Amino acid sequence: MEEARHVPHHPQKIALIFSAMRHFAEALKQRGTQVHYVTLDDPQNTGSVPSELRRWQSLIKPDELHITDCGDWRLEQSLRICGLAIHWHSDSRFLCTRAEFADWAAEKKQLRMEFFYREMRRKSGLLLNGDGTPVGGAWNFDADNRKQLPKGARPPSPARFTPDVITADVLALVAEHFSGHYGTLDTFDYPVTHADAQALWEYFLDWGLAAFGDYQDAMATDEPFLFHARISAALNIGLLDVRKLCSDVEAAYWSGGIALNAAEGFIRQLIGWREYVRGVYWLKMPDYATGNALGNTRSLPEFYWTGETKMNCMHQAISQSLEHAYAHHIQRLMVTGNFALLAGIAPPQICEWYLAIYMDAFDWVELPNTLGMVMHADGGYLGSKPYCASGQYIKRMSDYCKGCAYKVSESTTEDACPFNALYWHFLMRHDELLRGNQRMGMVYKNLDRMADTKQRALWQRGEMLLARLDAGGSL
Ligand code: SF4
């Protein structure tokens, strides 16, 4: 109960974890392993992992207690001080151990994901020529992965997994105990066993992967999944193995089934970014969680929990998140994250939202991605510049603006896209901190070229929009 309630997790995420645990317990029993599985509503259940371990320690008096590294600093700390002698094991869901990452990071002033990723490519041997050079002559083909979705493009229908009896029981339990949490349970269709997660993966290999690279940054109205694999939650809870996923993608490339930018882009997400953010998390916690380099204090607007906003991009990204506990990386970074950055939302509040709302979000992955990448609250440790953008970026990468009450072509009128004025307001109010950043030079040149009257009008509209948020209004 403590793990399910420390933030208001999406009910589908709680259901996924409980159902996957129950299926795994059953699988172990069938293999002849003795399992003691404590259900949430067991009257003996004391409600927290450390207290349950102490209870079972005295009940069954085991010779030894073995635990895998946790995904959450808070939980691991509570276990390390709970008074039990624990044998700790490194987490096989990752290729790079915490100690290996710490060795790589030692004495580096800034940790660049790109260099870490190259190390991981060399270590894993993925997409390498015989002489150790990268296939295709470059390590990274991200520039090829930002195409707009062509008109009439048809993404595959999402693979769905009908709840079995165990999952149906869990869904009822979650409905009973977590009805106050945001998000619906009604659309739960996620795999809860290794076999079903494997089926989801194979579906992606057949129908999604070839187009994944080109369109991984694209967004489309009422298309929550596009060509994305949707396997991150299954991977993060251990239903899939990162080595197998990478070798399958590499094999698809070698067989000629997919282009290099699709294969490299997918593998980089897994052995580059995913391992890197986890390494940073364990290297920098607990201080990392308190970062607030931009001094943000604004409360998270209520519409993050309801989707009730006239901004169509925000409405689409938030509504699908509440419906599926899922949004892809650009919706998270450049729509909901971009808005939180521009509006100056207090980092703990936006971090809690991401941790609560997404099925794949655990502290090790959510915190660096939100606090560092989205909010630039770590002062640039993770990303060398803030990922801020006006409505023009969203217009380029989606069809959201066509169905929006605001005009993306306007900046200062009453019906102007809020992202536009908030973008310039963000740059003006953080001028002192960001102007010296080499990667921000061009945007500040554009600001300097702007007439004073235009700058003042943008500032005033930005102030008005922020005041509306402070008064508890929506946009
Ligand atoms: Fe979003 Fe602005 Fe486009 Fe509306 S006009 S969808 S608020 S980017």
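Atoms within each ligand, like the ligands themselves, are counted from 1 in listed order. Not measured: the values here are computed from a predicted model.
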Atom indices of ligand 1, in the order listed, that fall short of 4.0 Å to a heavy atom of Ile394:
8 (S)
Which atoms of ligand 1 have any heavy atom of Tyr406 under 4.0 Å away?
5 (S)
So which protein heavy atom does [atom] come closest to, and at what separation?
atom	result
atom 4 (Fe) of ligand 1	Cys404 SG, 2.3 Å
atom 1 (Fe) of ligand 1	Cys313 SG, 2.4 Å
atom 3 (Fe) of ligand 1	Cys401 SG, 2.3 Å

Gln12-His324 side chain donor-acceptor pair, cut-off 3.5 Å
no
Regarding His328 and Asp217, do their side chains bring together a donor and an acceptor under 3.5 Å, going by distance alone?
no
For atom 7 (S) of ligand 1, tell me which residue out of Lys310, His315, Lys395, Met311 has the closest non-hydrogen atom.
Met311
Answer yes or no as to whether an N/O/S atom of Cys417 is found below 2.8 Å from atom 2 (Fe) of ligand 1.
yes
Could you check Tyr253, Phe141, Phe204, Phe227 and say which one makes a ring-ring contact (aromatic ring centres under 6.0 Å, His included) with Phe266?
Phe204
What part of Val408 sits under 4.0 Å from ligand 1 if we count only heavy atoms: the side chain, the backbone, both or neither?
both
Quick check, are the ring centers of Tyr276 and Tyr117 under 6.0 angstrom apart?
no
Could you check whether Trp207 and Phe225 have their ring centres less than 6.0 Å apart?
no
I'd like to know if Glu414 pairs up with Arg468 as an ion pair, taking the criterion as any Lys NZ or Arg NE/NH1/NH2 lying under 4.0 Å from an Asp or Glu carboxylate oxygen.
yes
